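Structure record follows, encoded as structure tokens.
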Amino acid sequence: MNYNFNEIEAKWQRYWAENETFKAEDHSAKPKYYVLDMFPYPSGAGLHVGHPLGYIASDIYARFKRHQGYNVLHPMGYDSFGLPAEQYAIQTGQHPAKTTEVNTARYREQLDRIGFSFDWSRQFKTSEPSYYKHTQMIFIHLFNSWYDKDADKARSITDLVACFEKEGNGSVNAHSDEDTPIFTSEEWKEMSTEAQEDLLQKYRLTYLADIEVNWCPELGTVLANDEIINGVSERGGHPVVRKKMKQWSMRITAYADRLLEGLSTIDWPQPLKDSQTNWIGRSEGAEVSFQVEGHQELIKVFTTRPDTLFGVSFMTLAPEHDLVTKITTDAQRAEVEAYIEETAKRSELDRMSDVKRITGAFTGAYVLHPFSGDRIPVWIGDYVLASYGTGAVMAVPCGDQRDYDFAKHFNLSIPNVFEGVSIEDEAFTDKGTTIIANSDFLNGLDYATAKRTMIDRLEAEGKGTGKVNYRLRDAVFSRQRYWGEPFPVYYVNGRPQMLPESVLPLELPEVTQYLPTEKGDPPLGNAKIWAWDAVNQKVVDVDLIDHQTIFPLELNTMPGWAGSSQYFNRFMDPHNETQLVDKEKVAYWKGVDLYIGGSEHAVTHLLYARFWQHFMHDLGLVSQPEFAKKLINQGMITGLSAIVYRKSKTNTYYSHGLIDFKDSSAENYIDHFEKLRVDVGLINSSDELDIEGLKNWQPQYADASFVLEKDRYIVGREVEKMSKRWYNVVNPDQICEEYGADALRLYEMFLGPLEQSKPWNTAGITGVSGFLKKLWKLYDSVNDENPSAESFKVLHKTIKKVQDDLESFSFNTSVSSFMICVNTLTSEKCFSRQILEPLAILVSPYAPHIAEELWVKLGNSPSIAHQPFPVFDASYLVESEKEYPVSFNGKMRFKITLSADASKDEIEKAVMAHEKTAEQLKGAAPKKVIVVPGKIVNIVV
RNA sequence: GCUCGAGUGGUGGAAUUGGUAGACACGUUGGACUUAAAAUCCAAUGACCAUUGCGGUCGUGCGGGUUCAAGUCCCGCCUCGAGUACCA
């Protein structure tokens with residue numbers, strides 16, 4: 001019987017669906033295991049062969065865990081809110097929900113074809129009201145919480161209000177805005193509700209704030225930093241300006257330390273942890289106050305090098321710093337104002353491409369050194385960022401390269417506070433070997449001691465404090481878009497109010513158009529029915545807004561990461577209407593055991609999701625502070641483009657081998673050709689071009705002529721991102737059609753290590769395809785004979801290898817060992833049930849369809865999916881004889897054959913007795929014979 | 001610039017973590033079976049030298065080092081990839 005993969009695969013996919021083979025139990029005596037993929041955004045283009053790589057890996061692992069007797073949760077859903085569907089809506093008027101519907105259906109079809117063991121009963125989309133209801137609820141929880149630094153967790157805002165009423169905010173150790181004033185309980189009670197709310201906003205974990213944002217007038221929206229490339233929008237390339245706007249913000253900074261500490265408790269790739277650590281950017285140092293000469297004001301600076309405080313020779317403020325106008329002298333005013341104006345005009349583009357340009361202006365003001373009392377000139381310069389630290393730096397040119405460059409450029413003094421170090425050419429930034437000099441009470445101290453001494457002294461004299469600073473900022477949470485979660489918020493007197501939880505979800509309204517309104521309001525400004533009737537508790541027509549009982553609703557929507565910051569919990573209990581996830585269910589499933597996805601989410605999704613999880617854990621909604629124990633970043637599968645070479649100004653194409661890539665004087669030097677990409681579908685396994693196919697592919701090739709080598713046209717190959725415009729996209733459906741889903745799965749794994757990026761080349765799939773055919777053949781004549789020792793050996797070698805590979809996620813080499821196994825069994829003519837039964841289970845995670853079919857062929861009843869994994873028995877691998885390679889001084893080699901369990905002495909004896917040894921040693925006694933049992937014998941002469 | 005990661009045949013990649021480098025696969029060459037092609041099967045395949053023999057030399061980006069033994073460890077370079085962008 002032939003191996004008809006199309007028939008077999010369809011049959012088993014149907015069987016799995018009908019029998020719910022992969023449905024996870026919410027309560028089970030079995031140990032649980034949760035395998036999760038980063039769920040996809042269903043784009044209109046569908047899947048190419050690069051997309052399922054991670055899904056295949058996680059599926060293999062999920063299936064392996066089922067064989068090991070685990071109750072496996074392996075769900076899939078869609079992250080369906082997002083910009084492309086909205087852009088499509090703007091262009092075509094097609095409702096994004098409709099587009100999403102079509103795209104998810106197409107994704108589902110493609111995913112099903114590959115034979116994943118997802119529990120589809122748990123599927124959801126982030127754009128479904130029944131799901132985003134819970135996103136809205138978490139938002140409300142955040143609004144109603146503050147961060148208590150003493151308890152080191154989030155607490156209810158009612159606790160805070162109670163405290164304010166009792167004793168004001170003087171004793172509260174909270175993570176709040178820097179400018180929060182101190183007040184007493186009496187002062188609090190006398191405040192208006194509005195004033196109270198304004199104060200509470202400084203504590204809430206999500207709050208409204210005037211934030212300087214990247215506003216793109218053309219797109220009518222705020223853009224995140226990563227949506228701006230070279231100062232223009234990533235989409236469309238429109239100009240972007242900085243503008244202050246009222247935006248929802250997430251107080252993620254409250255969790256900075258916990259997010260940092262949590263990293264040590266999870267098994268995530270080090271580079272990913274590094275980039276999160278980097279992003280959080282914790283730095284320890286001191287805040288130092290400098291008195292402005294002739295003013296009341298103090299200027300505070302943050303520094304990580306308080307040990308170099310005596311090296312300060314000037315101070316630099318960000319041009320936007322609050323005190324700049326106040327302290328600037330009349331003589332300098334014109335220059336300073338001109339400079340400020342100039343920097344404000346400089347776009348992001350200029351600032352980025354011009355990093356090396358040194359600019360600044362002297363304010364005319366001086367501050368006094370806190371210890372020496374020296375007069376220190378105050379400058380402004382755009383290398384100082386308003387948003388980091390205090391927006392001011394104490395410049396120590398001898399110890400910081402930027403300060404050094406600034407000092408050189410403006411001819412400022414560069415005092416040296418390091419012993420025996422030259423600062424002739426550049427600043428000295430090495431902390432390890434520093435000994436401080438010319439620094440009063442710090443002289444002779446090393447870096448660490450000097451730093452501590454200085455901080456102690458600053459604190460004792462009230463001139464500063466030790467301080468920890470973070471690069472991490474609170475996360476802007478508002479987007480001026482339509483296709484996202486609506487905020488459960490309405491406004492009374494301009495102050496935000498949360499909708500009652502009982503009315504959630506607040507569903508996205510219909511709009512007439514998906515663009516911002518003329519007034520610049522977000523698209524929800526176009527909605528007709530979008531006001532809140534607080535009396536009747538329902539959404540009503542905007543025309544009815546009277547600000548008495550009927551109020552405006554929030555017009556912004558939530559950003560893309562809102563929906564993906566908790567979906568992993570939702571899969572544990574996807575149909576729960578009242579809460580995100582049932583307490584008992586989350587207590588059973590706990591968290592994700594294995595999470596697989598791309599590294600592009602290192603500091604967005606993966607950081608925000610950790611933040612929400614920590615918060616939800618504080619509230620007792622989930623059982624673990626970290627949502628994913630182990631994470632693997634799968635590499636990208638790149639495309640292998642096919643290139644034809646057209647001689648310039650002709651329609652003649654030369655085969656790749658005829659082109660000279662080196663000699664620029666050669667007639668066929670590459671520069672005399674144009675490189676054109678052609679569809680990779682026209683290339684066979686030996687890089688040969690189907691010329692007739694090409695002529696029919698595009699009209700420009702119809703009457704082309706070809707210069708061949710060995711009667712063939714060979715194309716050039718280049719590794720590039722898989723993309724339609726390079727004609728190198730390979731569709732998984734087509735591969736499944738031609739070679740089968742099992743071949744696709746095996747080949748994707750076989751291509752190389754999971755984490756690495758590697759090019760797809762369809763030609764190579766014949767290898768795994770051949771393997772499947774051979775495997776199939778083995779089961780044609782199953783018998784009950786006793787297998788040979790060799791057959792047992794290869795089986796158990798394979799069990800060991802495959803199990804080790806699965807546990808270490810090196811799936812690529814498993815495929816190799818399957819091939820070796822099948823080749824050996826074929827040449828041994830081994831068709832024994834004793835071998836073939838465990839082999840089918842071994843193969844089953846990788847190639848599940850054929851495994852199921854083979855299992856039935858052996859006379860078993862379905863399904864193989866929950867059969868116990870074969871047990872490895874080392875005794876089958878014991879050899880009776882073994883070859884021992886022998887080397888002299890690590891060079892000359894020969895082999896001796898001995899019994900496999902030969903002792904060290906026996907090996908040594910045999911080596912010395914060997915005729916070659918005697919000859920090569922020429923009578924000289926060896927100094928040492930080193931025997932590494934089972935490996936190698938080494939003779940030192 | 002800084003922080004990670006990687007350099008192994010014509011190609012994708014193995015190498016039990018210091019122990020016979022190149023497993024497995026693609027491609028290539030030769031052969032078998034076919035009227036022929038496809039499919040399948042067999043053999044060879046790192047380079048160079050020797051080939052009527054079993055052999056020899058060189059080989060894991062480059063230069064040093066440690067070791068009986070280095071793709072693997074240490075020092076210094078080069079190249080490529082990813083992330084980040086003046087973070088005081």
Side-chain angles (χ1 to χ4, degrees), chain A residues 225-226 269-275 277-279 281-283 285 301-305 308 315-316 318 351-352 354-358 381-385 387-396 399-403 405-406 469-473 599-600 602-603 633 635-636 640 684-687 717 719 746-747 750-753 755-771 773-774 777 800-801 804 810 812-820 823 826 883-891 893-895 926-930 932 934-941:
Chain A
N225 283 331
D226 51 290
Q270 197 55 43
L272 195 151
K273 287 187 180 183
D274 288 346
S275 60
T277 305
N278 240 310
W279 190 260
R282 186 181 202 273
S283 44
V301 300
F302 174 74
T303 176
T304 55
R305 298 293 303 272
T308 61
M315 177 176 280
T316 318
R351 280 177 89 150
M352 284 204 287
D354 239 12
V355 167
K356 288 279 165 274
R357 201 174 101 184
I358 296 161
D382 70 359
Y383 80 96
V384 178
L385 302 176
S387 52
Y388 182 79
T390 62
V393 302
M394 58 175 228
V396 183
D400 183 286
Q401 194 57 45
R402 286 155 310 165
D403 295 344
D405 295 340
F406 196 88
N469 228 321
Y470 300 90
R471 204 186 89 113
L472 182 73
R473 311 290 151 69
S599 56
E600 66 273 19
V603 289
N633 287 131
M636 206 184 13
L640 195 58
N684 80 359
S685 57
S686 354
D687 290 349
R717 312 287 332 231
V719 174
L746 281 170
Y747 189 50
F750 183 70
L751 272 178
E755 289 96 332
Q756 198 175 301
S757 91
K758 55 246 162 189
W760 175 273
N761 185 2
T762 305
I765 203 171
T766 54
V768 293
S769 176
F771 156 74
K773 285 178 196 162
K774 286 184 216 164
K777 253 194 165 154
K800 174 94 171 80
K801 179 74 179 138
D804 288 352
S810 13
N812 53 330
T813 49
S814 289
V815 183
S816 297
S817 54
F818 287 142
M819 290 175 178
I820 295 168
N823 286 340
T826 306
E883 275 193 332
Y884 291 83
V886 180
S887 76
F888 287 82
N889 283 345
K891 271 210 150 185
R893 295 188 197 98
F894 60 90
K895 287 167 186 176
K927 280 185 191 146
K928 204 160 55 164
V929 177
I930 300 160
V932 183
K935 288 187 174 166
I936 194 166
V937 184
N938 206 309
I939 302 176
V940 187
V941 184

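No hydrogens, no waters, no symmetry mates; every other heavy atom, side chains included, goes into these values. Given the structure is predicted, the values throughout are model-derived calculations rather than measurements. Below, chains carry the letters A, B, ... as their sequence lines are ordered, and counting in each starts from 1.
Remark: A:Phe771 pairs with no residue by the ring-ring contact (aromatic ring centres under 6.0 Å, His included) rule, at least two apart or across chains. Residues satisfying the salt bridge (Lys or Arg N to Asp or Glu O under 4.0 Å) test with A:Arg473, not counting sequence neighbours, are none. Judged as a side-chain hydrogen bond (donor to acceptor under 3.5 Å, both in side chains), and not counting sequence neighbours, A:Arg471 has no contacts. For A:Asp400, the salt bridge (Lys or Arg N to Asp or Glu O under 4.0 Å) partners are A:Arg402, not counting sequence neighbours. A search for side-chain hydrogen bond (donor to acceptor under 3.5 Å, both in side chains) contacts involving A:Lys801 returns A:Asp805, A:Thr813, not counting sequence neighbours. Under the side-chain hydrogen bond (donor to acceptor under 3.5 Å, both in side chains) criterion, A:Lys800 pairs with A:Asp804, sequence neighbours left out. With sequence neighbours excluded, no residue forms a salt bridge (Lys or Arg N to Asp or Glu O under 4.0 Å) with A:Asp405. Residues passing the side-chain hydrogen bond (donor to acceptor under 3.5 Å, both in side chains) test with A:Ser685, sequence neighbours excluded: none.
A:Asn633 comes within 4.0 angstrom of nothing in the nucleic acid, heavy atoms only. Contact annotation for A:Ser685: backbone-only contact, meaning every heavy-atom pair under 4.0 Å involves sugar-phosphate atoms and none involves a base. At the heavy-atom level, A:Arg282 lies nowhere under 4.0 Å from the strands shown.
Anti is the classification of B:G5, since its glycosidic angle lies more than 90° from 0. With a glycosidic angle more than 90° from 0, B:U72 adopts the anti conformation.
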Pairs: protein N or O with nucleotides 36-40 of chain B N or O, under 3.5 Å:
none

For nucleotides 9-15 of chain B, list the nitrogen or oxygen atoms of the protein found under 3.5 Å from its nitrogen or oxygen atoms, one pair per line.
residue, atom, partner, partner atom, Å
B:G12, O2', A:Leu751, O, 2.7
B:G13, OP1, A:Gln756, NE2, 2.9
B:A14, OP1, A:Asn812, ND2, 3.0

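Which of B:A88, B:A25, B:C86 sits closest to the side chain of A:Asn823 comes down to B:A25. Nearest to the side-chain atoms of A:Asp274 among the listed nucleotides B:C24, B:C4, B:C86 stands B:C4. Side-chain proximity of A:Trp279 to B:A85, B:G27, B:A88: nearest is B:A85.
Annotation: of the two residues near RNA chain B, A:Val815 and A:Arg473, the 5′-most nearest-nucleotide partner is A:Val815. Both A:Pro271 and A:Tyr388 sit near RNA chain B, but only A:Pro271 has its closest nucleotide nearer the 5' end.
Nucleotides B:G61 and B:G10 have their P atoms positioned 13 Å apart, rounded to a whole Å. On the C1' atoms, B:G22 is 8 Å away from B:A15, given to the nearest whole Å. Distance check on atom C1': B:U8 versus B:U72 gives 12 Å, rounded to whole Å. Going from the C1' atom of B:U11 to that of B:G63 covers 29 Å, rounded to whole Å. Spacing between B:A70 and B:U60 at atom P, rounded to whole Å, works out to 11 Å. Taking atom P in both B:A69 and B:G59, one finds a spacing of 15 Å when rounded to whole Å. Comparing B:C73 with B:A25, their C1' atoms are spaced 32 Å from each other, to the whole Å. Spacing between B:C78 and B:C42 at atom C1', rounded to whole Å, works out to 45 Å.
The distance between atom CD1 of A:Ile820 and atom P of B:G22, rounded to the nearest whole Å, is 13 Å. One atom, CD1 of A:Ile358, and another, C1' of B:G1, lie 14 Å apart when rounded to the nearest Å. Rounded to whole angstrom, the span from the CG atom of A:Asn278 across to the P atom of B:C86 amounts to 13 Å. Protein atom CG of A:Asp382 is 9 Å distant from nucleotide atom C1' of B:C86, rounded to whole Å. At whole-Å resolution of the value, CG in A:Asp687 and P in B:G27 are 10 Å apart. Rounded to whole angstrom, the span from the CZ atom of A:Phe406 across to the P atom of B:C86 amounts to 16 Å. The distance between atom CZ of A:Arg305 and atom P of B:A88, rounded to the nearest whole Å, is 11 Å. Distance CE (A:Met819) to C1' (B:C26): 10 Å, rounded to an integer number of Å.
For A:Pro269 against A:Asn633, the heavy-atom pair with the smallest separation is CG-OD1, 3.6 Å.
Applying the side-chain hydrogen bond (donor to acceptor under 3.5 Å, both in side chains) definition to pairs two or more places apart or across chains, those involving residues 761-770 of chain A are A:Trp760-A:Thr762.
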How would RNA chain B look in dot-bracket form, 5' to 3', counting Watson-Crick and G-U wobble pairs with both distances under 3.5 Å and writing | for bases paired to another strand?
(((((((..(((......[....)))((((((.......))))))((((.....))))..(((((..]....))))))))))))....

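In this structure, A:Ser275 does not reach the B:U3 phosphate: none of its side-chain N or O atoms is under 4.0 Å from OP1 or OP2. For A:Arg402, a side-chain nitrogen or oxygen approaches OP1 or OP2 of B:C87 to under 4.0 Å.
Taken to the nearest 0.5 Å, the CG atom of A:Leu472 stands 12.0 Å off from the CG atom of A:Asn278.
Between the side chain of A:Arg282 and the backbone N or O of A:Tyr470 there is no donor-acceptor pair closer than 3.5 Å. Counting only distance, with no hydrogens or angles, the side chain of A:Asn812 and the backbone of A:Leu751 share no donor-acceptor pair below 3.5 Å.
Applying the 6.0 Å contact sphere to NZ of A:Lys777 captures no more than 12 heavy atoms from other residues, nucleotides or ligands.
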